[in-house]
Amino acid sequence: SDGPADMAPEVWEKVKNHPCYSEEAHHYFARMHVAVAPACNIQCNYCNRKYDCSNESRPGVVSEKLTPDQALRKIMAVAKEIPQLSVIGIAGPGDSLAAGGKNTFKTFEMLAKKAPDLKLCLSTNGLALPDHVDTIANYNIDHVTITINMVDPEVGQHIYPWIFHDHKRWTGLDAAKILHERQMLGLEMLTSRGILVKVNSVMIPGINDEHLMDVNKAVKSRGAFLHNIMPLISDPAHGTHFGLTGQRGPTAQELKVLQDQCEGGAKLMRHCRQCRADAVGLLGEDRGSEFTIDQIEAMG
Ligand code: SF4
Ligand code: SF4
């Protein structure tokens with residue numbers, strides 16, 4: 001098909017077979033996340049490090065952490081069982097580019113040799129992104145997701161208590177300002193090279209809900225082709241840093257009102273299921289528990 005009226009043909013060509021980006025493709029193509037990136041370089045107030053990064057994943061679910069070698073074995077085993085497997089993503093459980101992105105790029109390097117037909121994608125908070133754009137382009141990673149929750153450090157300081165950057169820890173407004181600048185720079189560097197960028201935002205009532213319209217404009221003007229607004233999923237064990245009483249998530253109605261207001265901005269993706277960092281299968285299904293590394297090693 002020609003794709004949506006508001007999407008450039010060259011973008012549609014890249015996304016039409018991508019289960020995370022195309023409403024149609026997600027019924028026919030499978031994706032798989034491998035959780036090879038345990039470290040993170042920032043602290044989000046909504047994160048509980050015991051669980052997966054909310055960049056891509058439903059919080060409150062613990063993923064199976066793998067070494068790059070284990071990830072490769074698991075991917076090859078899944079590819080045999082699920083022929084629709086077309087996309088391999090790295091989305092945590094921490095940040096895929098923290099710690100120099102070592103495990104992430106090692107995994108992609110091995111995959112590029114063993115299974116060059118698989119599409120590769122990664123998601124990141126963006127802090128380390130400008131340092132890795134060349135590597136991302138070299139590995140032919142043509143889909144990147146950046147989680148961007150603010151474009152104003154005044155807002156950002158209430159979301160991020162600290163970041164670790166340039167060998168030191170930054171807090172408050174300084175931290176939010178550096179993160180913001182690095183996110184915008186990374187986004188511009190990727191889109192100027194023709195790498196597809198989706199932006200995820202977590203909607204946090206009373207913190208960034210009204211501000212996300214500005215985020216939508218800022219990421220659209222820098223070439224993001226999708227802006228996916230996800231609800232904060234509130235869980236007493238998750239994100240208590242917002243205060244002693246915890247922070248509520250948005251209601252379904254509040255989420256829809258915001259998504260409607262942003263329509264016509266960067267095209268919103270409403271079918272994202274916030275899969276966990278080791279999800280396996282067609283979108284909306286998760287066969288991850290059939291493919292744990294123990295089971296795969298037992299298969300030989
Ligand atoms: Fe796709 Fe799931 Fe990732 Fe959302 S969380 S982008 S649906 S794989
Ligand atoms: Fe947690 Fe992800 Fe934020 Fe890192 S970027 S603190 S892993 S939610």
Side-chain angles (χ1 to χ4, degrees), residues 33-66 89-104 121-132 144-151 153 155-165 168-172 175-187 197-204 207-208 212 215 219 228-243 246-247 249-250 272 274-279:
H33 292 173
V34 284
V36 296
C40 194
N41 47 8
I42 69 174
Q43 176 69 60
C44 301
N45 265 330
Y46 54 77
C47 180
N48 178 330
R49 292 296 173 79
K50 280 192 301 210
Y51 304 130
D52 289 343
C53 176
S54 297
N55 278 333
E56 277 290 336
S57 305
R58 185 184 303 123
V61 183
V62 183
S63 291
E64 182 185 44
K65 292 183 189 71
L66 303 174
I90 296 183
D95 186 76
S96 64
L97 300 178
K102 214 170 134 264
N103 284 359
T104 295
C121 65
L122 61 83
S123 78
T124 176
N125 59 46
L127 179 64
L129 183 56
D131 302 335
H132 297 292
V144 172
T145 301
I146 315 174
T147 300
I148 300 179
N149 296 319
M150 53 87 194
V151 289
V155 175
Q157 65 181 336
H158 301 296
I159 304 174
Y160 306 102
W162 58 259
I163 66 167
F164 194 85
H165 173 67
K168 63 179 261 205
R169 188 181 283 239
W170 304 75
T171 59
K177 186 167 179 290
I178 293 167
L179 179 62
H180 164 60
E181 285 167 0
R182 305 273 296 170
Q183 288 177 330
M184 295 299 114
L185 177 62
L187 168 58
V197 184
K198 177 182 77 180
V199 170
N200 278 351
S201 297
V202 181
M203 180 183 183
I204 312 162
I207 304 281
N208 71 349
L212 286 178
V215 173
V219 303
N228 174 32
I229 298 176
M230 309 186 295
L232 175 77
I233 298 173
S234 106
D235 172 341
H238 175 96
T240 49
H241 306 278
F242 276 109
Q247 166 71 45
C272 175
Q274 292 183 260
C275 320
R276 56 193 215 166
D278 62 355

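Throughout, numbering of the chain's residues begins at 1 and tracks the sequence. Whatever order the structure lists ligands and atoms in, that order sets their numbers, starting from 1.
At least one heavy atom of I42 sits closer than 4.0 Å to an atom of ligand 2. Residue contacts with ligand 2: Y160 is excluded, as none of its non-hydrogen atoms falls under 4.0 Å. In this structure, P93 counts as a contact residue of ligand 2, since one of its heavy atoms falls inside 4.0 Å of the ligand.
Taking a cut-off of under 4.0 Å to the non-hydrogen atoms of C47, the atoms of ligand 2 that pass are 1 (Fe), 6 (S), 7 (S), 8 (S). Those atoms of ligand 2 with a heavy atom of Y46 less than 4.0 angstrom away are 8 (S).
Under the 3.5 Å distance criterion, with hydrogens and angles disregarded, no donor-acceptor pair is assigned to the side chains of N200 and T145.
Of the possible donor and acceptor atoms, none in the side chain of N208 sits under 3.5 Å from a partner among the backbone N and O of M203. Within the 3.5 Å criterion, the main-chain N or O of D95 finds no donor-acceptor partner in the side chain of T124.
Applying the side-chain contact (heavy atoms from CB on, under 4.5 Å) criterion to P153, with sequence neighbours excluded, gives L173, A176, K177.
Across all non-hydrogen atoms, the minimal contact from I42 to L179 is CD1-CD2, 4.3 Å.
Nearest-heavy-atom check against atom 6 (S) of ligand 2 across C44, A39, A91, P161 picks out C44.
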